[in-house]
Amino acid sequence: MSDFEDDPLHIGGPPRKLRKIQHRAQKFRKEWCSLPDFKDWLIPDENDIFKAKCSLCKSSMVAELSNIKNHGKGIKHKQIVTAGTVKQTSISNFLQTDKKLKLKTQIQRAEIKIAAFISEHNIAFLAADHLPGLLQECFPDSEIAKGISTKRTKTTAIIKNVIGSSAKEELVDSLKNNKFSVLTDESTDIGTVKTSCVVVRFVICFTGYNFIMDYGSTAI
């Protein structure tokens with residue numbers, strides 16, 4: 001009996017030679033691009049037929065389904081996919097067209113005229129709270145009326161900061177080029193509040209006409 005018959009497992013015999021199994025490289029298959037999990041980002045690598053490429057991450061990988069699936073489950077890839085699905089506001093929405101800019105200018109002009117009308121006729125500012133709604137009901141087809149929002153707070157701000165400042169600049173320019181006189185008076189009201197009224201009178205000459213202008217202010 002030979003040694004191999006006494007030792008069926010060949011423990012004491014010569015070592016067997018193990019044959020190495022060669023891994024066959026997998027070429028990229030275009031059918032993978034149509035799969036639901038890969039169709040949005042999987043593309044072939046133009047430089048290597050044995051590799052696949054992610055169009056979002058800009059990275060290449062061996063063209064095997066296991067590698068491709070692992071890449072799709074990666075944290076970095078998921079973050080990029082999530083960021084890509086968020087709808088961003090188009091930059092065109094932030095840019096005002098000529099039509100919108102013209103409408104905005106017309107609305108501002110109308111609001112200034114309304115504030116000037118209230119100031120000129122000494123109308124109570126509380127009446128401005130109801131004026132925008134009245135105009136929108138009277139002119140429902142007007143885009144300008146729809147944009148007017150001059151209630152008492154905004155009306156007061158327009159009169160003080162826009163109309164008042166503009167009138168003051170015009171007054172200063174007129175006084176630089178015309179002779180004027182100053183009238184002043186001080187008084188104390190019932191509430192023991194001291195006031196000082198100042199009036200500036202000057203003449204503005206137009207062609208064939210002379211206008212006497214009075215500008216007054218009150219200081220406490």
Side-chain angles (χ1 to χ4, degrees), residues 79 82-220:
Q79 290 176 348
T82 303
T85 56
V86 177
K87 294 183 179 179
Q88 296 182 351
T89 305
S90 177
I91 192 173
S92 60
N93 295 333
F94 297 98
L95 300 177
Q96 291 184 335
T97 60
D98 294 340
K99 185 177 180 180
K100 290 181 179 179
L101 185 60
K102 182 179 179 180
L103 178 61
K104 183 179 180 181
T105 303
Q106 291 174 338
I107 293 174
Q108 292 176 344
R109 185 170 180 269
E111 290 178 342
I112 293 174
K113 282 185 171 292
I114 290 173
F117 177 82
I118 291 176
S119 176
E120 181 181 2
H121 296 279
N122 198 23
I123 300 174
F125 289 160
L126 291 175
D129 288 343
H130 307 279
L131 188 56
L134 176 63
L135 295 176
Q136 293 170 6
E137 291 182 3
C138 294
F139 310 103
D141 57 340
S142 174
E143 296 295 330
I144 298 177
K146 292 179 182 178
I148 293 176
S149 59
T150 49
K151 294 188 177 182
R152 56 179 175 176
T153 303
K154 189 174 183 179
T155 301
T156 305
I158 291 176
I159 292 174
K160 288 183 177 180
N161 303 323
V162 179
I163 299 176
S165 299
S166 177
K168 184 178 180 180
E169 292 177 0
E170 292 179 0
L171 174 61
V172 172
D173 293 338
S174 299
L175 295 180
K176 288 180 179 179
N177 301 319
N178 296 278
K179 295 181 179 181
F180 60 90
S181 60
V182 178
L183 292 82
T184 182
D185 185 23
E186 296 181 358
S187 64
T188 304
D189 60 7
I190 299 176
T192 65
V193 176
K194 296 182 179 181
T195 58
S196 176
C197 301
V198 179
V199 177
V200 179
R201 173 171 290 187
F202 60 98
V203 179
I204 297 180
C205 298
F206 293 97
T207 305
Y209 298 94
N210 293 333
F211 294 92
I212 298 177
M213 305 295 294
D214 291 335
Y215 284 90
S217 63
T218 303
I220 298 177

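Only heavy atoms go into these numbers, but all of them, side chains included; no hydrogens, no water, no symmetry mates.
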Exercise. Any chance you could lay out the side-chain contact (heavy atoms from CB on, under 4.5 Å) test for F202 and L171, step after step, and finish with the verdict?
Key: CA-CA 10 Å; F202 60 98; L171 174 61; 3.6 Å; yes

Counting distance only, does the side-chain N/O of D129 pair as donor-acceptor with the main-chain N or O of R152 below 3.5 Å?
-> yes

> Quick one: are L135 and I114 in side-chain contact, heavy atoms under 4.5 Å?
Replying inline: yes

Looking only at heavy atoms, the pair that brings P132 and T150 closest together is CG-O, 3.6 Å

Here the gap from I148 atom CD1 to K113 atom NZ, rounded to the nearest 0.5 Å, amounts to 12.0 Å

For N161, does its backbone N or O pair with a side-chain atom of S165 as donor and acceptor, under 3.5 Å?
yes

- Counting only heavy atoms not in K154, do more than 12 fall under 6.0 Å of its NZ? yes

Rounded to the nearest 0.5 Å, the CZ atom of R109 sits from the CD1 atom of I112 at a distance of 9.5 Å

- Would you say F139 and I144 make side-chain contact, with heavy atoms under 4.5 Å? no

Rounded to the nearest 0.5 angstrom, the CD1-NZ distance for I163 and K168 is 16.0 Å

When rounded to the nearest 0.5 Å, the distance separating OG1 of T155 from CD1 of I118 is 4.5 Å

Between the CG atom in L126 and the NZ atom in K151, the distance rounded to the nearest 0.5 Å is 12.5 Å

- prompt: Do side-chain atoms of T184 reach the backbone of C197 as a donor and acceptor pair under 3.5 angstrom?
  reply: yes

Check your understanding: Do any N or O atoms from the side chain of E186 and from the backbone of K194 form a donor-acceptor pair under 3.5 angstrom?
Key -> no

